[in-house]
Each structure stands twice: as C-alpha cells, then as structure tokens.
Amino acid sequence: MHTPVKLLSVWQWCLLLLSLVSCVLITENLVQQDVAYAKGQQLEQQVANAGHIRSFLETELNRALYLSFGLSAYVQANKGKVTAEEFNVLLPELVQLGLYIRNIGVAPNNRISYIYPLEGNEAALGLYYPDVPEQWPAVQQVIESQQGRLVGPVQLRQGGLGFIHRLPVYIDNTYWGIISIVVEPSKLWQELQLIMDRYGIEAGLRSQLEDGSFSESFVGNNALFYDDSLLLALTIRGAEWQLAIRSTDPLKGRTSEIRLVGYSVTLLLLMLISWLTASRHQLQQSSHQLNLQQQYLSTVMDNVADAIITTDANGHIERINQAAATIFGLSMNQLEGVHWSSLLDDPQEQYALLQATTDPTKVAKTQGRNHFDQAFPLELSRSEVEFNQLKKNVILLRDMTERHKVDRLKNEFVSTVSHELRTPLTAINGSIGLVLGGVMGSVSPQVQQLLQTAYDNCAHLTHLINDLLDMEKLEAGKMRFQLQPVVLDQLLQQCIEQNQPLAAQAHLKLELQTQPTPSLVRVDPVRLQQVVTNLLSNAIKYAPINSTVEIRLQTEATQAKVMILDHGSGVPEHFQPLLFQKFAQADSSDRKQQSGSGLGLAIARSLILAMHGDIGYQPLQPHGSCFYFTLPVANPDPGQANSN
C-alpha cells in the first residue's frame, strides 16, 4: 500500500510564485538598464560624430576665410591701387587653392568689378550690391561690423545655390569694398555624405534666421529635426546652423540575450521544481523498490552454494553471503573490515592468486582455513567492478572438499577397474594373437576376419586403459620421470621413423625441419616420445590425403620449440579453450569419425609441464593446425645430468 504524496504545501507555492515574479522583475530591470546603457553609448558616439562633421565643415569653409584675408591684405598693402592685370594673376591662383570654390569676386565700392572664373559667372560681373535687395542687408551688416561673415545657402544671380563668405576691406579706416568667395555646396555635401556613410549616421543641417526661427534643411532629411535625433548648434564664421544627427545602426544592446537568459532561468526554475516534485515521488517509490531488491539480492546470495565476498580496493571485506559464513564458520560482524587473505591457509599466497585471476573466467586453486583452524581446498575466481567511482573486488570461493572426495573415489574406481581389466584383457589379446598366428591351426577367412576385429578392439581398449592409468598417475603425482640430456633432433627423427608406417597407410608424408646446431634438452626421453607420438598421430588422423605433416624445431637462447603442423580443417574456435582437458573431443562431423579417448592431449600437457615446459595450439591460415611445445635448453655438460 503506497502512502499518498503531497506535492507542495501552501508556503511552497507562495515561495514558487514569489520566485517567478522576482525573476521577471529582475529580467525586465536588467533590460531597461541595458537599453539605457546602449543609448548612452550611442549618444556619446553621436556627439563624437557631430564633432567630426563640425571639424570637417570648419576646415573646408575656413579655406575661403583664409583666402579672403590674404587677398584683403594684398589690397590693403597696395592702398587699393590694384590693377586688373594683377587681379587676373591673383584670382586664378587663389581659386586653385580652394577645393570647393565656385568663384572669387572683388567689389570696390560695392560693385563686383573683378570675378574669376568668368565662365558661368558672367551674370555676377558688374553686380551692384545696393541694387540687390535680397543680398544688400547681409552685405550692409558685414560692412558695419567690419567682420567677415558666411551666409547661405544663397540663390546666386548667375544661377544655383552657394555659400558666400564676404570680407569688408578698409584702407586707413576707410571702407574700400567687398571681397566675396562663393563656395559650391554640392561637392561639399557629397564629401559630407561619405563621412556620414563611414560613421553609420544620418545628419541634417539648417540655418537659424534673424528672428530665431529655422529654415528648412539644406542638407539631409528635414524630418530629423522633429524626431528623437540629437540636435546641436553650430556657429561657423558668423553663420548660425543647427545640426541634427541620428545613428543608422541599430541600438547595440543585449535585450534579447538578457530576456532569453532571464526567462530561461525562470523556465528552468519551473522545470526544476517540477523535477524535484516528481523526483520526490520517484525517490519514495525507488526507496521501496530498492529495499525489495536488496532483500531479493540478499536472498539470492544467501542461497548460492559458493562463498561470495565483496571487498574494497585494498582487499578489506565489506560484505559476505550466508555460504561464506557457513564455509568459514565466521559471521559478517567477525569478518567486516578484515582482509580477505586471512581466510587463506597461506595469506602470502594472495599476490599470486590476484595475478592468476586477472580475468573473471580464470580460476585459481588454493587452500582455505576455517574457524577450526583446518585447511581445506578452494577454487577462487575474482571480478573487478566499479561502484560510485570506487573500485571493488567480488571474490567467488568454492569449497572443493566434497568434489575432491568424489574425484578421489572416481580415480580410485577407474584405477581399480583399469588394473582389474588389464590382466584378463592381456590374456584375451594374447590368445587371439596366437589363434591369428596359426598356433591352433588354420581357420576360415570369415573366422579370421572376426578374430582380427576382436584383436584390434582389444588393442584399442588396452591403449585406453594405459591412458587412464597414466592420467591417474599424473594426477596423483606418482609418475616418475628419468630426466637426462637428450638431443632433441635425434629424438624427433626416431619418432618420425616409428610413425612412418601409420603415415604411409594414410598416404601422408612426414617432414622434419631442424637447425644446423643440435638442440640439447633435459627430459625423460620415453615420456617425450609419448608426447610427440600423440601429437603426430593426431596430425596424421586429421591431415588430408597426399599432404605433408611438418615437424619444425626452432632453438633460441633459453628454450627449444617444436611445432607439428598439418593442413586439415583445424580445431573449431569454440573448442580451442577445451583442447587440453580430459575427455574433451571436438563436436564436428569430421572429427566424430575419428576414434579417441580424449585423454591424449591432457596427458601430453601434464607430461610437458612435468618436464618444465609448456604446450599450446594455434590455428594456421587459411586452414590447418599447429600444436607446439617448448622445453628449456639443457646445459651441454653431460656430467650435470641426473635422474629424478
């Protein structure tokens, strides 16, 4: 029965709502601050851009002022007595110095008597200012103030618009005339537009009239003066202008990013609360399931017949099952925190066992010690696991006491039966042999065939009994070895000669490959011949007809290696790990046709290991088998040979 889960209380709902409102308010406040900051940055940039525009206008329009001053100084220096030829020389040079000058006019006594260039400005030549009502007030103001002034844009008599810079000339405090320079605005505005494009701004210029009002924009969009554009007053040589400037680039704020982050945090908060609520419910369910699983796991572990021990990375016991407590006669309270090696008969053996069980499939044999201080046989396997980023060891211990008893009884039974069978079997085999040899007289072909079958089966049964007895002696440690220095090349040649009839019967060729230097090993020659004969007979059984079985001998500094190769179908991959076990036979159709006890390779392995060597198998490509064994090279001094 599950207890109902209360998701959130009232105060938790209030806290959640307050958190959401706070997130929204904080987000919008940050957005407003960012917008204000971005506008401030843009305003600073607009002020700086306005300064650039003002500097450009002052620089270009002041050129006319400087030229006017220069020409005025020349006229004053000559007391106004400047000839037409002199003006014809001076005026072209001055026009060349200005970038945007349309013409320069000289008006002694307010009449334009000299003008350059004349082309395009013919209508202005001879103009008398008092006769031009739209220009005379401005000219009169310049004369009275005795200061130069920039006016415009002005509709010119010769056509078009222009800015006029007029400078009155006084000689000995007596008014002489006017020097006027007309600036062409179109080229000036083109350059100004390039500046605005470069800075990413839009600007407009208009004049402030005498009554304080403003004219229409003579540069840029007139609407700029009536929106949120920045307005600045400019005074350039007596001209009162107003500059409107606005950035064409969008406001460089992070409004979208701030809102995205803010509302993402709000959404994450909602998701977090939802997750926590669901997790709380799930945690309760998981806790219940975990308790059930722990009970189930404990039940399973306690019903396993083998001892299961878990340790930390240092080997200290953390948990055991019921079987471990039963086998060793110790409780969990007694074993918790104790090193697992204390369960061994020889604790120092732990290092060798750890090296022998690096893979979970590897099993090591050892001795344990129970609470009665009695040693008993164990099989040990080990697995390394990682839990919560901590390394653990799971050790599986199997009490082999009963199995050893069963194996001992089985071996005793097999040994007894084998010995009891050998004597009558020898008598039967000898009797049949005598009959086949003609001692009892001639027999019919049918009877002889039956006797020959019985004789062959007796020989096979005798070989099987001998294998069983050899296996029993090896396992009991009762087989004696007469170790002595042996030239391995000669022993292999003898084995080939002994097995030559069997190879010839199977239409096979035996070939020995050795090295120039003889290989000396310290072995029991009879037992080594038994190993080689067993491997050769296997190769002859499974090699294809008319092929070659090769025996290769390779000698290195410390060991000699003998390889027996055939080109048959090879050993199935799944059966290779079982090759050297007792009674193991490959389950393939071609091998089922070959008779055998399944003890030959197991005996060969035990014999080689007893002579301090090693034996193994490797497949050949694309098919075939290679059985090999290695033996340590013996001291060439025969005086060191002894019997074991």
Side-chain angles (χ1 to χ4, degrees), residues 356-365 379 381 383 396 403 407 410 414 457 460-461 463-464 466-468 470-471 474-475 492 495-496 499 502-503 505-513 528 530-554 561-610 613-631:
T357 56
T358 54
D359 188 278
T361 60
K362 295 181 179 179
V363 178
K365 295 182 179 181
E379 277 189 356
S381 59
S383 298
L396 181 67
R403 180 175 295 185
D407 289 343
K410 181 186 67 176
V414 171
N457 282 280
H460 178 68
L461 188 57
H463 179 71
L464 175 59
N466 290 334
D467 283 346
L468 288 171
D470 284 345
M471 198 71 240
L474 286 169
E475 290 183 343
L492 294 175
C495 292
I496 289 178
N499 287 273
L502 182 62
Q505 184 179 359
H507 303 286
L508 297 174
K509 180 181 178 183
L510 301 181
E511 182 179 294
L512 175 63
Q513 299 179 9
L528 185 58
Q530 183 179 350
V531 172
V532 176
T533 299
N534 181 276
L535 297 179
L536 273 176
S537 63
N538 279 344
I540 291 171
K541 284 181 184 179
Y542 303 116
I545 298 176
N546 298 324
S547 64
T548 300
V549 175
E550 303 174 37
I551 302 94
R552 298 179 186 174
L553 173 59
Q554 297 178 353
K561 184 176 183 180
V562 177
M563 295 178 288
I564 299 176
L565 302 89
D566 68 77
H567 300 285
S569 59
V571 178
E573 185 176 356
H574 72 275
F575 183 71
Q576 292 175 14
L578 308 175
L579 264 176
F580 296 96
Q581 295 184 9
K582 292 188 298 182
F583 305 107
Q585 290 183 309
D587 188 20
S588 61
S589 58
D590 58 337
R591 292 181 180 269
K592 283 184 178 179
Q593 299 172 2
Q594 304 292 345
S595 62
S597 63
L599 291 173
L601 291 178
I603 295 173
R605 179 178 182 274
S606 298
L607 293 175
I608 289 294
L609 293 178
D614 192 17
I615 191 169
Y617 168 83
Q618 62 186 33
L620 298 180
Q621 298 298 332
H623 54 79
S625 299
C626 172
F627 286 88
Y628 65 89
F629 62 85
T630 60
L631 293 167

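Throughout, numbering of the chain's residues begins at 1 and tracks the sequence.
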So, for [X] and [Y], which heavy atoms are closest and what is the spacing to 0.1 Å?
| X | Y | value |
| --- | --- | --- |
| I551 | I496 | CD1-CD1, 3.7 Å |
| L508 | I545 | CD2-CA, 4.3 Å |
| S547 | A543 | OG-CB, 3.8 Å |
| N534 | G600 | ND2-CA, 3.1 Å |
| S381 | T357 | CA-CG2, 4.3 Å |
| I564 | L535 | CD1-CB, 3.4 Å |

Subject >> H567 and E550, any side-chain heavy atoms less than 4.5 Å apart >> reply: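 Sidechains of H567 and E550: in contact.
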
**OP:** Please answer whether the main-chain N or O of Q530 pairs with a side-chain N or O of T533 as donor and acceptor at a distance below 3.5 Å.
**Re:**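 Not at all, since once roles are kept as given, no pair shorter than 3.5 Å links the two residues.
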
**OP:** Answer yes or no: is there a donor N or O on one side and an acceptor on the other, between the side chain of Y617 and the main chain of V571, under 3.5 Å?
**Re:**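 Yes, because the side chain of Y617 sits within donor-acceptor range (under 3.5 Å) of the backbone of V571.
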
Pairwise distance [atom1]([X]) to [atom2]([Y]) - rounded to 0.5 angstrom:
| X | Y | atom1 | atom2 | result |
| --- | --- | --- | --- | --- |
| Q618 | S625 | CD | OG | 10.5 Å |
| Q581 | L601 | CD | CG | 11.5 Å |
| T630 | Q554 | OG1 | CD | 11.5 Å |
| F629 | D614 | CZ | CG | 11.5 Å |
| D566 | L620 | CG | CG | 7.5 Å |

**OP:** May I have the step-by-step check of side-chain contact (heavy atoms from CB on, under 4.5 Å) for L492 and V562, ending in yes or no?
**Re:** CA-CA 9 Å; L492 294 175; V562 177; 4.0 Å; yes

Subject >> Intermediate values then yes/no, side-chain contact (heavy atoms from CB on, under 4.5 Å), I615 and F580 >> reply: CA-CA 9 Å; I615 191 169; F580 296 96; 3.9 Å; yes

